[in-house]
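Structure record follows, encoded as structure tokens.
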Amino acid sequence: MKPRITLLLGDRNGIGPELAAKLLADDSVYEKAEIEVMGDPAVLAEGLAVIGSNANQNRYRVTEFLPVDGIQTTRAKETAEAGAEMLACLSHAAKRVAAGEADGVVFAPLNKQAMHMGGLVHDDEMRFIANELGYTGAFGELNVLDKLWTTRVTSHVPLKDVAANITSEAVLVSTRFADETLRAAGFEKPRVAVAALNPHAGDGGNFGREEIDIIAPAVEKARAEGLEVEGPYPSDTVFVRAQRGQHDAVVTMYHDQGQIAMKLMGFGQGVTVLGGLPVPITTCGHGTGYDIAGQGIATEKAIQNAFAICVDMARSRLAAV
Amino acid sequence: MISHGATSHGALPVVITPGEPAGIGAEITLAAWADHRSELPAFALIEDPSRLTALAKTLGIAVPVVTIDDIAQATAHFADALPVLATEYTAPIKAGHPDPANAATVIAAIEQAVALVQSGKAAAVVTNPIQKSSLHAAGFKHPGHTEFLAELAGPGVQPVMMLACPELRVVPATIHVALTEAPRLLSRELIVELGRITAEGLARDFAIPNPRIAVAGLNPHAGEEGGMGREEIDMIRPAVEDLKKLGIDAFGPEPPDTMFHAEARARYDAALCMYHDQALIPIKTVDFWGGINVTLGLPFVRTSPDHGTGLAIAGTGTADCRSLVAAIGQAARMAARRAAADLNAGANSKAGA
């Protein structure tokens with residue numbers, strides 16, 4: 001059975017609608033999933049007009065969902081109305097998967113500022129969705145490029161505060177989380193590498209002791225739990241090893257450790273997976289591209305990758321039921 | 001400084017230090033000569049000739065070794081044999097097992113190489129990797145190669161480490177310190193100083209007349225206007241303004257994760273990075289084998305491969321010589337530019353220099 005994937009148009013004022021249109025124009029997606037576009041049909045029509053194609057119109061379903069009265073598209077502007085629409089769509093789509101009416105959600109880029117203007121009180125959409133689903137378990141964002149997944153122990157914190165937030169428990173939680181999420185995406189036994197914090201992995205304690213005191217013990221614990229985990233590895237070579245296929249995932253210690261390598265290896269192609277939630281949800285790693293919105297030049301690579309990963313996750317979830 | 005880079009006999013030889021003898025330095029130098037000599041300038045290695053010959057035999061690399069007592073002889077021999085300036089080790093060399101008893105020889109070789117380049121007999125110094133722990137155990141007081149070379153160069157020298165490959169150049173503002181220390185060691189003055197020396201170095205040694213310097217932020221998203229750290233606002237942005245006032249084409253602070261992909265790299269000639277891995281992750285990911293280490297700010301040219309001593313694989317012949325080969329080639333090009341500049345300056349000040 002093909003998984004049923006709900007496609008959301010994202011921020012109607014950015015490149016989301018045209019990316020959705022490009023995804024729908026790709027014949028191959030219908031072999032993998034049943035696709036339903038949920039949102040404002042007029043916005044989908046805007047996206048289709050931008051790319052100048054109505055291909056495959058009979059192959060996907062459009063489910064009208066109009067949560068915000070009188071909303072207009074104002075390209076390249078953050079608006080409270082668009083923000084409210086994004087939030088309502090996310091909530092509705094996630095709840096429908098939880099209720100068994102769909103199997104996964106792919107959404108086009110969102111605009112965080114617009115969502116805050118539109119009523120988002122959480123730090124990000126992930127916490128919002130968890131709250132809407134009443135989900136209290138562990139969850140977190142993963143970044144995926146080709147076959148390489150990364151997760152991070154700390155994220156949006158000043159660099160000077162990173163080390164204070166690195167605990168054995170936090171490393172272990174991120175490592176387990178990487179393992180679980182990759183299993184949920186169809187990896188049988190994910191090979192996880194844990195990055196070091198300091199240059200040269202601390203050089204035997206000369207440039208920091210976190211590897212010895214905190215990270216290595218967490219790796220040992222994860223291995224004792226039966227996970228295929230190695231590390232800590234110096235962060236300047238761990239991505240090279242991963243790129244060569246030696247690891248499926250890298251647990252990074254801070255935001256830029258993973259993001260520098262991932263964006264260098266495939267700028268604009270990365271995928272963000274909202275891991276841990278009871279609902280498969282993925283999106284593009286890039287933003288709403290206001291500077292190029294409406295021109296039809298935005299590349300669909302990331303949303304295609306996000307779709308493919310969501311299909312894998314939805315399949316695994318269906319198989320597990 | 002006197003003009004000495006170019007003579008009527010052509011370019012001077014490059015002098016190569018042995019680095020840690022228990023590491024891969026000797027074998028990658030043998031491989032560089034064996035496989036790449038036609039594309040490289042003449043160079044001489046400071047080594048124990050008998051142990052080098054034995055090593056070549058063990059590894060099955062056909063490298064004739066010729067002992068010379070004046071580096072000037074290197075050029076004449078280079079096509080047929082690897083020229084060696086003889087030195088002796090105190091303790092026997094065991095691959096993979098550094099012996100602090102040999103530290104004095106390792107250090108003396110660096111001093112000899114610097115003396116050769118300072119006296120105008122060598123074009124440039126290329127250093128093989130040293131094992132710092134072994135040298136420190138023997139009483140070596142300097143944190144690393146670069147600081148030692150700066151001291152040998154004389155007072156007032158501020159060395160700057162730059163890592164370079166054909167696609168990217170990076171300068172880490174802080175290097176071998178714990179990540180938690182890095183933010184405390186940064187200052188507006190340091191960033192300005194490094195930016196200035198980098199710009200001068202690129203102009204002088206890389207023939208880039210008006211180098212564009214991208215200055216990285218420290219925090220995720222370059223701090224997002226203070227939401228995730230204030231160093232960008234309090235220190236990095238003012239430093240960039242200072243650099244601009246000095247006439248340097250600097251910009252930033254840039255969000256670190258979006259400044260290293262190909263399109264972004266096209267906007268600058270060097271990236272000034274705030275901590276070791278911010279510089280090393282991109283360069284190793286872009287070019288794992290071809291990266292080299294260049295010391296800017298010295299009165300002479302010095303480059304080195306950007307890897308370590310490779311103790312785990314020393315003696316097995318599996319070490320890759322590409323970084324050393326790139327370092328030798330780069331050193332020669334830098335030396336030629338300095339020589340040409342010195343010649344011009346000399347011609348202007350006194351005829352027939």
Side-chain angles (χ1 to χ4, degrees), chain A residues 112-113 123 143 148 152 154-166 195-211 234-244 250 252-270 285-287, chain B residues 132-133 136 143 163 167-168 170 172 174-184 186 216-224 226-232 255-265 271 273-289 291 306-308:
Chain A
K112 200 171 280 179
Q113 197 186 327
D123 282 356
N143 302 101
L148 174 60
R152 40 190 193 244
T154 68
S155 189
H156 291 133
V157 298
L159 193 83
K160 68 176 169 55
D161 299 334
V162 165
N165 287 292
I166 303 291
L197 176 71
N198 295 300
H200 305 236
D203 190 37
N206 285 324
F207 322 137
R209 290 199 49 89
E210 288 87 350
E211 285 74 15
S235 61
D236 55 350
T237 54
V238 70
F239 298 102
V240 179
R241 299 165 56 99
Q243 205 178 17
R244 291 178 187 158
V250 179
T252 63
M253 296 299 123
Y254 54 93
H255 181 275
D256 286 339
Q257 192 177 41
Q259 289 302 85
I260 287 176
M262 296 285 269
K263 292 195 173 168
L264 196 165
M265 293 189 285
F267 191 64
Q269 300 174 23
H286 59 69
Chain B
K132 292 180 195 93
S133 53
H136 289 150
L163 299 155
E167 292 180 58
L168 176 67
V170 289
T174 61
I175 308 177
H176 289 141
V177 295
L179 188 76
T180 191
E181 293 293 320
R184 284 179 228 156
L186 292 169
L218 174 70
N219 296 300
H221 308 184
E224 233 167 47
M228 285 181 275
R230 289 199 51 88
E231 288 88 348
E232 284 79 8
D257 60 344
T258 54
M259 65 183 284
F260 294 110
H261 61 93
E263 212 174 289
R265 292 200 299 270
C273 299
M274 296 299 114
Y275 54 93
H276 181 276
D277 286 345
Q278 193 183 55
L280 270 287
I281 290 171
I283 200 155
K284 291 279 186 190
T285 307
V286 166
D287 189 348
F288 188 68
W289 293 108
D306 78 341
H307 52 68

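Everything numeric here is computed off the predicted structure, so don't read it as measured data. Computed from heavy atoms alone, side chains included, the values below leave out hydrogens, waters and symmetry copies. Per chain, numbering begins at 1; letters A, B, ... match sequence-line order.
Scanning all heavy atoms of the two residues, the minimum distance from F239(A) to I281(B) falls at CD1-CG2, 4.3 Å. Contact between K263(A) and D257(B) at its shortest, heavy atoms only, is NZ-OD2, 3.0 Å.
Contacts of V157(A) with chain B are made by backbone atoms alone, with heavy-atom separations under 4.5 Å and no side-chain atom involved. Contact annotation for H276(B): only side-chain heavy atoms (C-beta onward) come within less than 4.5 Å of a heavy atom of chain A. With a 4.5 Å cut-off on non-hydrogen atoms, I175(B) touches chain A through its backbone but not through its side chain. Residue R244(A) touches chain B through its side chain alone, counting heavy-atom pairs closer than 4.5 Å. Within the 4.5 angstrom heavy-atom criterion, only side-chain atoms of P183(B), from C-beta onward, approach chain A.
Ranked by non-hydrogen atom pairs under 4.5 Å with chain A, the options T180(B), L218(B), I283(B) are led by L218(B).
Within the 3.5 Å criterion, the main-chain N or O of D236(A) finds no donor-acceptor partner in the side chain of D277(B). A donor-acceptor pair under 3.5 Å links the side-chain atoms of N198(A) to the main chain of L179(B), judged by distance alone.
Side-chain contact check for M228(B) versus H255(A): every heavy-atom pair is 4.5 Å or farther apart. Taking the side chain as every heavy atom from C-beta outward, T285(B) and M265(A) approach each other to under 4.5 Å.
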Test side chain to side chain contact (heavy atoms under 4.5 Å, CB included) applied to E231(B) and K160(A), step by step
CA-CA 10 Å; E231(B) 288 88 348; K160(A) 68 176 169 55; 3.8 Å; yes

